[in-house]
Amino acid sequence: TRRVFLVDVAKPVAERFAGRLVVRLDSEGISVKCNVCTYSASTKTEPDGVDPYDGGYPIGDLVHRKTSGWKRLIDVVGSGLAIIALVPLFVAVALFIKIASRGPVWFTQERVGSKGRPFRIFKFRTMCVSNNAAKHKEYVERLASSESSQLKKMDNDCELIPLGRTLRATAIDELPQLFNVFCGQMSLVGPRPDVLPIEAYFHRHLRRFDVLPGMTGLWQVSGKNQTTFSEMMQLDIRYVQRRSLWLDLKILTLTPLAI
């Protein structure tokens with residue numbers, strides 16, 4: 001395995017450059033472990049809010065590892081059975097959307113998956129077709145750059161279709177992602193796939209891309225919209241470090257209570 005060691009300073013631009021370099025090398029088939037230590041140029045200490053371990057920010061071996069056998073088995077069986085059981089609900093929701101609002105039933109959007117690979121996520125459409133999806137991306141970018149803003153959804157009720165808020169509040173609009181899980185693009189449990197490109201993340205956040213993104217995860221059952229972007233990243237990385245069969249089962253059990 002080829003390894004690259006980068007020493008950086010506490011500057012966001014430099015941190016993002018390190019992330020882009022790692023992703024570029026990985027895309028060219030080079031297995032990389034990037035162990036980056038970030039220090040304040042004046043004090044030689046880690047900046048506030050940083051949680052270094054093992055001498056820096058290990059972001060993992062960016063090797064194209066296969067998903068664990070037990071996890072893939074749960075994903076295929078769980079998503080397959082759920083799709084079959086929810087066919088009547090899928091049909092009912094699809095018919096309602098077609099009757100209540102002009103436009104397609106599905107909403108698809110490119111998201112960043114495992115190892116930075118892009119994929120298209122599926123949802124039931126809850127917004128009017130005139131809605132500008134770029135506004136949502138800009139909103140997420142502002143949240144990501146803030147240290148204190150909570151991850152609340154945009155206040156855009158005027159752009160929702162009838163009962164759109166209900167579909168979102170009950171997470172029914174997320175159910176088509178079961179097809180993403182069945183196809184191997186997502187997992188039932190994992191970090192949420194985001195709209196931000198991988199270059200927008202700091203190098204200390206890239207470990208969240210070591211695993212498949214999930215329909216639910218540690219963030220969803222740990223406060224969700226009461227957390228900041230930085231706290232969400234910490235929860236995602238904690239899941240990557242501690243993932244196990246029992247943790248996945250615990251998160252799946254707690255998810256209905258967290259909706």
Side-chain angles (χ1 to χ4, degrees), residues 6-23 33-60 62 109 111-116 121 135-155 186-187 189-243 247 250-251 254-255 258-259:
L6 302 176
V7 178
D8 204 352
V9 294
K11 293 182 179 180
V13 173
E15 289 196 53
R16 289 190 171 95
F17 171 77
R20 289 197 297 270
L21 178 60
V22 172
V23 173
K33 182 173 182 179
C34 182
N35 193 31
V36 184
C37 298
T38 303
Y39 297 97
S40 169
S42 58
T43 63
K44 302 299 183 183
T45 58
E46 289 85 359
D48 292 338
V50 172
D51 182 21
Y53 47 93
D54 291 339
Y57 300 125
I59 59 175
L62 287 179
Q109 188 178 52
R111 299 289 178 95
V112 180
S114 175
K115 306 307 174 192
I121 197 171
K135 291 194 298 184
H136 176 248
K137 185 176 180 180
E138 293 172 358
Y139 178 71
V140 174
E141 289 174 344
R142 289 197 299 271
L143 289 177
S145 62
S146 172
E147 291 295 329
S148 57
S149 297
Q150 293 181 339
L151 294 174
K152 295 186 179 296
K153 291 189 176 182
M154 289 181 62
D155 183 14
M186 292 179 61
S187 176
V189 180
R192 282 297 297 165
D194 211 341
V195 297
L196 297 180
I198 197 168
E199 293 85 357
Y201 291 86
F202 293 123
H203 56 70
R204 62 180 179 271
H205 296 155
L206 293 182
R207 285 202 69 179
R208 75 190 303 271
F209 297 105
D210 280 355
V211 298
L212 288 171
M215 290 186 66
T216 185
L218 191 57
W219 169 66
Q220 282 85 344
V221 300
S222 302
K224 197 175 179 179
N225 294 336
Q226 280 70 52
T227 62
T228 64
F229 183 84
S230 178
E231 290 169 339
M232 182 182 73
M233 292 295 104
Q234 292 174 20
L235 288 167
D236 287 345
I237 294 172
R238 186 183 304 170
Y239 170 77
V240 173
Q241 293 174 318
R242 303 179 182 180
R243 64 190 185 277
L247 180 57
K250 179 180 179 181
I251 291 173
L254 292 174
T255 295
I259 294 177

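Note that this is a predicted model, so its numbers are computed, not measured. Below, all heavy atoms of this structure are taken into account, side chains as well, without hydrogens, waters or symmetry copies.
- Separating the CG atom in Leu218 from the CD1 atom in Ile237 is a distance of 12.0 Å, to the nearest 0.5 Å.
- Nearest heavy atom pair, residue Arg242 against residue Leu247, reads O-CD2, 3.6 Å.
- If you run side-chain contact (heavy atoms from CB on, under 4.5 Å) between Pro191 and each of Met232, Arg207, His205, Arg208, only Arg208 comes through.
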- Item | Pair Asp194-Val112, side-chain contact (heavy atoms from CB on, under 4.5 Å): steps then yes or no | CA-CA 6 Å; Asp194 211 341; Val112 180; over 6 Å; no
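- A distance of 15.5 Å separates CZ in Arg243 from CZ in Arg238, rounded to the nearest 0.5 Å.
- Shown here for Leu212 and Ser114, the closest heavy-atom pair between the two residues is CD2-CB, 3.8 Å.
- The side-chain contact (heavy atoms from CB on, under 4.5 Å) test applied to Pro193 returns Arg111, Phe119, Ile121, Met186, Pro213, not counting sequence neighbours.
- The OG atom of Ser222 sits 7.5 Å away from the CD1 atom of Ile251 when rounded to the nearest 0.5 Å.
- In this structure, the side chain to side chain donor-acceptor pair (under 3.5 Å) partners of Thr216, at least two apart in sequence or on a different chain, are Thr255.
- Summarising the geometry, atom CH2 belonging to Trp219 is positioned 10.5 Å from atom CZ belonging to Phe229; distances are rounded to the nearest 0.5 Å.
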- Query: Between Met233 and Phe202, does a side-chain contact (heavy atoms from CB on, under 4.5 Å) hold up when you go through it step by step?
  - Reply: CA-CA 10 Å; Met233 292 295 104; Phe202 293 123; over 6 Å; no
